[in-house]
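One structure below.
Index from 1, following the sequence. These figures come from a predicted structure and were not determined experimentally.
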Amino acid sequence: MHNYLAQLNEAQREAVLQKEGPSLVIAGAGSGKTRVLTYRIAHLMATGVAPWNILALTFTNKAAREMTERIGLLVGSESAHSLWMGTFHSIFSRILRTESEKLGFPSSFTIYDTTDSKSLIKSIIKELKLDDAVYKPSGVLSRISNAKNNLFTAAAYKGNAAFLEEDRGTKRPELARIYEIYAARCRQSGAMDFDDLLLFTNILFRDHPTILDKYQQKFRYILVDEYQDTNFSQYLIIKKLAQQHLNICVVGDDAQSIYSFRGAKIENILNFKNDYPGHNLFKLEQNYRSTQTIVNAANSLIKKNERQIPKEVYSENSEGELIQLIDAFTDNEEGYLVVGSIFDQITRHQLRYDDFAILYRTNAQSRIFEEALRKRNIPYKIYGGLSFYQRKEIKDLIAYLRMVVNPDDSEALKRIINYPTRGIGDTTLGKLEEAASYHNLSIWQIVKTPEKFGVELNKGTLNKIQGFREFIEKFIDLKPNHDAYLLTQQVATESGLMKELHNGTTVEERSKYENVEELLNGIRDFVSSNYQEGRPVQLEFFLENVALYTDQDNEKADDRNKVTLMTIHSAKGLEFPHVYIVGMEEELFPSAMSVYSPHELEEERRLFYVALTRAEQRVTLSFAKSRYKYGSPTSTSPSRFINEIDPQFLKTKSLFSKKGMSDFVTDSSQEISFKERGSAFIKPSRPGMNLAAQRKLQQMNTNSSQSFVPDPPESIKTGMQVEHQQFGTGRVILIEGEGGDRKALIFFEKLGEKKLILKFARLRTVK
């Protein structure tokens, strides 16, 4: 037995050793999925399979890079780098560049990111004189993306009666026309967006059987990571490539399928048994990440889902702490309590900031926690925020580089034709765009000879356009003999971009200059490492890397020792010792849109399962009884998901019986009973709650309110211990004003300082 096989448990080893035929590896959270993929590839190579006959598909560059490094340690780095391993988009773009002429694209085609696509769509909407409040660019792009991922080209979309009827129903009858123009403009610019990389790979294999056969013969063994996250377009490519040899191994977890909004289909993994009869099934059920309590709690939750492949995940780690619960009166108090808990854990146990993650359902929730962290001087980072490569100054320089590689890239041209300022204004650009649209050409083709296409410009403007054209052409000529770093350095200097940024006087402007320097450092590192590994160092290969970057590839070393804030969707694949899952309320988590759809509710439950299983040692759930929505405080109810966890794994048991109603949960560490805290703000009309339960809750709320009798405002003095029905207990620090204008500055134990007008405050003294 090879030495590396001894490092696997029995279930992992069986999955690695099964070399031939279709295999489905169901990998529970923290069960060593990456290790199995890595060792399976290494084992294939160790038993005689050439690396270039292995195709391994991942969802992030980071995952591909880490797996390549691990495989290199097992079988040698040279062999590992000969693998066809990477993200779906990077592998398929590589194939498309080789076969581009069959599709009528240049091999140097540009890959448009979301910003580029939205910019182009915005231009088309303006050109068609449509209302951008109805035809929102992001919504239009989402519709086009969904069509492409289901393999509907612009022509197919235009001919689909159901799509057209749906668009009329949403008051957007021109969507098909926008899609048609968008597709044509991309082709004119020699550009593909991310969805095109999948769409055109499918078209390539459909229309060119000999090319499909070539890649089927080449890829004798196919491995796919996170198979539950594949969409229809990805699924079809994989199925076609695996048709001949049937040596396909997919790894994933149906319980972590959470990306249906991106087109991911859980059916792909659930129906693997139908696609590949006689397949081998392996279950990785030992969780190495989390405590027994966390694993058992997650199991008790996910069992509520009907659509799943049964498995029993277990842990042999320590039993660990019970899951903590924090309840707050308001969303602001929730931020204060959660951050207070983090601060307490850090100081009490000498922990690092990066041991902690705050996970939320929506990005909008981050603000309150950011403010609370700043007040405590706790450093934090927002994961999935603005990527380095999305910063304006970086996109400006990248646009110059894109023009050098593909001058027909109209979105890049529009970005930099007058930056830094060279006297080519919006009016001139508008004329160039109009001519390009009329003649079905890229703007660059018009720029080369504007007079040929009837563009009326004065001599001064023509000279400026000629100067821009000559500048780009100079670097196009230099490109074959310069590596990416030398070429970029010259472009950044000679374009005037570096001078423009260097002359800035503010801290922000200086920061932009430093960001461009950081980009140059990154390109130098790219060239250096590629030289050492025998890989190409030309500019187009660097741009390919940048275009296919994902959020997880963007972490900087100086970002590491900070509390992490992120959506649960962004947290998938990550792990932290301490996890706080916040906003655990009905209509927030699960979302309001999901509660009436069984399939969507199951996905929300899988999302909560993912959140729970990010934690290694400790989980804390928090919720508020009142949350600001649309500028007004709205009463909220605890999430049904809290009640779906077996109560033996929760530190605090329910205060309500389970007779047909959801439990209201509170944090026992606060040692304040329901009656003492006042109204629970339970919604009487909560879905699924019977009438008797609603009345009981209303009565409890009413009784609770009636039991709180405030003291006369004039009796409140400095130094008194007081209680507020919503804010809890606190001490009066200062009284100011006279009569009806008297105000009290009060330090509340759980909320900090608040200034209240006494005649409205309804305070009572604590004896």
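Taking a cutoff of 4.0 Å between a charged side-chain nitrogen and a carboxylate oxygen, Glu321 and Arg618 qualify as a salt bridge. Between Glu544 and Arg97 there is a salt bridge, since a side-chain N of the basic residue sits under 4.0 Å from a carboxylate O of the acidic one. Ion pairing between a basic and an acidic side chain is recognised when a charged N comes within 4.0 Å of a carboxylate O; Glu644 and Lys304 show no such pairing. Residues Lys562 and Asp354 are not paired through a salt bridge, judged by the lack of any N-O separation under 4.0 Å between the basic side chain and the carboxylate. Salt bridge absent: Lys283 and Glu312 never bring a charged side-chain N and a carboxylate O closer than 4.0 Å. A salt bridge does not link Lys33 to Asp253: none of the charged side-chain nitrogens sits closer than 4.0 Å to a carboxylate oxygen. A salt bridge between Glu604 and Arg640 is absent, with no side-chain N of the basic residue lying under 4.0 Å from a carboxylate O of the acidic one. Remark: Arg606 does not engage Asp254 in a salt bridge, criterion side-chain N to carboxylate O under 4.0 Å.
Taking CD1 of Ile342 as the start and CG of Leu351 as the end, the distance is 11.0 Å to the nearest 0.5 Å. To the nearest 0.5 Å, the span separating CE on Met192 from NE2 on His89 amounts to 12.0 Å. Residue Gln286 holds its CD atom at 11.5 Å from CD of Glu10, rounded to the nearest 0.5 Å.
Judged by distance alone, the side chains of Ser233 and Asn149 never bring a donor and an acceptor atom under 3.5 Å apart. Between the side chains of Ser90 and Thr87, a donor-acceptor pair is found at a separation under 3.5 Å. Ser639 and Glu585 share no donor-acceptor pair across their side chains, judged by distance under 3.5 Å alone. Under the 3.5 Å distance criterion, with hydrogens and angles disregarded, no donor-acceptor pair is assigned to the side chains of Asp225 and Thr58. Between the side chains of Tyr235 and Asp275, at least one donor N or O sits under 3.5 Å from an acceptor N or O. Counted by atom type alone, Ser341 and Tyr580 present one or more donor-acceptor pairs between their side chains at under 3.5 Å. Neither side chain, Tyr314 nor Gln292, offers a donor N or O lying under 3.5 Å from an acceptor on the other. If you check the side chains of Glu226 and Gln228, you find a donor sitting under 3.5 Å from an acceptor.
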Salt bridge (charged side-chain N to carboxylate O under 4.0 Å, His left out) between Arg289 and Glu575: does it pass, once the steps are laid out?
-> CA-CA 8 Å; Arg289 174 188 302 152; Glu575 56 190 40; 2.8 Å; yes
Chi angles and distances behind the side chain to side chain contact (heavy atoms under 4.5 Å, CB included) call for Tyr360, Thr567 = CA-CA 5 Å; Tyr360 34 77; Thr567 64; 3.8 Å; yes
From CA spacing to verdict: side chain to side chain contact (heavy atoms under 4.5 Å, CB included), Ile54, Trp84 | CA-CA 6 Å; Ile54 300 172; Trp84 277 66; over 6 Å; no
Applying side chain to side chain contact (heavy atoms under 4.5 Å, CB included), run through Leu621 and Ile326 and close with a yes or a no.
-> CA-CA 6 Å; Leu621 310 178; Ile326 293 176; over 6 Å; no
Go through Val36 and Leu284 one step at a time and tell me if the side chain to side chain contact (heavy atoms under 4.5 Å, CB included) criterion holds.
-> CA-CA 9 Å; Val36 166; Leu284 308 182; 3.6 Å; yes
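Side chain of Glu603 to backbone of Ser260: a donor-acceptor contact under 3.5 angstrom is found. Thr293 contributes a side-chain N or O that, together with a main-chain N or O of Glu319, makes up a donor-acceptor pair within less than 3.5 Å. A side-chain donor-acceptor contact under 3.5 Å links Asp355 to the backbone of Arg352. Counting only distance, with no hydrogens or angles, the side chain of Gln12 and the backbone of Ser31 share a donor-acceptor pair below 3.5 Å.
Dense packing is recorded around CD of Gln244, with more than 12 heavy atoms of other residues, nucleotides or ligands lying under 6.0 Å away. Within a 6.0 Å sphere centred on CD of Glu78, other residues, nucleotides and ligands contribute 12 heavy atoms or fewer. By the 6.0 Å contact criterion, NZ on Lys214 is enclosed, its count of non-hydrogen atoms from other residues, nucleotides or ligands being greater than 12.
Between Phe261 and His569, the ring-plane angle classifies as perpendicular under the 30° and 60° cut-offs. Note on ring orientation: taking the six-membered ring where Trp is involved, the planes of Phe641 and Phe589 are perpendicular (angle over 60°, cut-offs 30° and 60°). Between Phe356 and His578, the ring-plane angle classifies as parallel under the 30° and 60° cut-offs.
Between Gln648 and Leu322, the shortest heavy-atom contact is O-CD2, 3.3 Å. The minimum heavy-atom distance between Met45 and Pro51, with the atom names listed, is CE-CB, 3.9 Å. Residues Val295 and Val313 approach most closely at CG1-O, 3.5 Å, considering heavy atoms. The nearest pair of heavy atoms linking Arg361 to Leu588 is CG-O, 3.2 Å. Residues Thr201 and Phe92 share a closest heavy-atom pair of OG1-CB, 3.4 Å.
Taking the centre and axis of the six-membered ring of Tyr259, the NZ or CZ atom of Arg262 falls inside the cone set by 45° and 6.0 Å.
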Solution key, residues 17-28 side-chain donor-acceptor pairs under 3.5 Å, sequence neighbours excluded:
{"from": "Gln18", "atom 1": "NE2", "to": "Glu20", "atom 2": "O", "distance (Å)": "2.9"}
{"from": "Lys19", "atom 1": "NZ", "to": "Thr47", "atom 2": "O", "distance (Å)": "3.4"}
{"from": "Lys19", "atom 1": "NZ", "to": "Thr47", "atom 2": "OG1", "distance (Å)": "3.3"}
{"from": "Glu20", "atom 1": "OE1", "to": "Asn247", "atom 2": "ND2", "distance (Å)": "3.4"}
{"from": "Glu20", "atom 1": "OE2", "to": "Tyr221", "atom 2": "OH", "distance (Å)": "2.6"}

